Amino acid sequence: MKKRIFEIIQSANTGDIASKIFDLFIMLLVIINSITIMIDTFSLPQNFKTTIRIIDTSTSIIFSIEYALRIWTAPFLFPNKSNTKARIRYIFSFMAIIDLLAILPFYLPMLIPFNLKSLRLLRLTRLLRIFKMNRYTNALYKVGAVFKAKASQLISSMLVVVMLIILSSILMFNIENTAQPEAFTNIFDSMWWAVATFTTVGYGDIYPITVAGKLLSTIIAFLGIGLVAVPTGIISAGFVEQIDKHDDDKKHYCPYCGKRLD
């Protein structure tokens with residue numbers, strides 16, 4: 001029974017109807033929770049608030065049972081470790097921490113008194129429940145795989161952008177501080193302007209008024225168009241590689257029975 005529970009609560013294998021139903025059920029609960037968090041921001045009648053409270057309580061209990069079952073069946077996830085070590089390793093895994101943080105706001109007010117403002121901030125951690133979707137879909141996994149594969153290239157491109165932001169911030173501060181000290185008060189104000197200009201957002205709350213400042217702003221804006229597109233291109237190339245890799249992997253499986261081909 002313990003092994004069957006483990007098979008059900010893990011991502012569904014082909015043909016395992018019970019596991020697939022469980023996955024869809026948990027995903028549905030996560031979606032309902034996300035919707036209730038958004039609805040809770042409105043001024044609602046008391047009966048609506050009561051309904052939301054019932055939904056929150058019910059889903060918290062279900063997520064708690066799921067969390068306990070995953071700890072209980074952790075030895076099947078790490079068969080090379082003892083029962084205790086397997087459970088400890090699972091408890092400190094990323095998804096287990098997400099599960100724990102997602103249910104803590106339900107139990108903490110019962111144990112520790114909070115004022116209303118602190119309780120509202122604490123309940124925001126319910127948003128972490130949306131990361132539980134990663135267990136039942138490989139979308140976030142693919143995003144993580146792309147960033148991991150392209151980490152060195154992304155870091156290199158971002159370092160270039162950061163260096164140019166710092167350089168342009170220092171130059172702009174020295175150019176504009178004398179002309180408008182109330183706008184370019186310190187280097188952080190200049191850095192805010194540089195980030196807005198590099199990303200081509202251009203909020204317009206801080207802008208140069210001197211000829212040299214306008215010239216530098218023009219150069220930075222043109223550089224931003226090219227440099228900000230570099231990380232985007234790297235990430236896009238990473239997704240294309242992931243798609244090609246997935247297609248290559250599918251070629252090694254039978255399209256009819258799903259078994260791996262030798």
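Because the structure is a prediction, the values reported are computed rather than measured.
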Test item: [X] and [Y] side chains (from C-beta on) under 4.5 Å apart, heavy atoms:
X: D99; Y: F63; answer: no
X: F22; Y: E66; answer: yes
X: V230; Y: M158; answer: no
X: Y203; Y: V201; answer: yes
X: K85; Y: F78; answer: no
X: S169; Y: I165; answer: yes
X: R70; Y: Q10; answer: yes
X: P208; Y: I175; answer: no

With [X] via side chain to side chain donor-acceptor pair (under 3.5 Å) - residues at least two apart:
X: W192; value: D205
X: N177; value: none
X: T197; value: W193
X: S64; value: Y107

Using atom types as modelled and distance alone, determine if a side-chain donor or acceptor of [X] lies under 3.5 Å from a backbone N or O of [Y].
X: S93; Y: Y90; result: yes
X: R87; Y: A74; result: no
X: D56; Y: I52; result: no
X: T178; Y: N174; result: no
X: N186; Y: D189; result: yes

Could you see if F42 belongs to whatever hydrophobic cluster contains M38? Use Ile, Leu, Val, Met, Phe, Trp, Tyr and a side-chain cutoff under 4.5 Å.
yes

Please determine whether the number of non-hydrogen atoms from other residues, nucleotides or ligands lying under 6.0 Å from atom OH of Y207 exceeds 12.
no

If you count every heavy atom of other residues, nucleotides or ligands that lies below 6.0 Å from F188 atom CZ, does the total exceed 12?
no

Sorted by chain and number, sequence neighbours left out, side chain to side chain contact (heavy atoms under 4.5 Å, CB included) with I5 holds for M1, I9, L69, W72, T73

Go through F173 and M191 one step at a time and tell me if the side chain to side chain contact (heavy atoms under 4.5 Å, CB included) criterion holds.
CA-CA 9 Å; F173 175 77; M191 198 168 290; over 6 Å; no

Any salt bridge (Lys or Arg N to Asp or Glu O under 4.0 Å) involving residues 146-169? Give me the pairs, sequence neighbours left out, ordered by first then second residue.
K150-E241

Just checking, is any N or O donor in the side chain of E7 or S19 under 3.5 Å from an acceptor N or O on the other one?
no

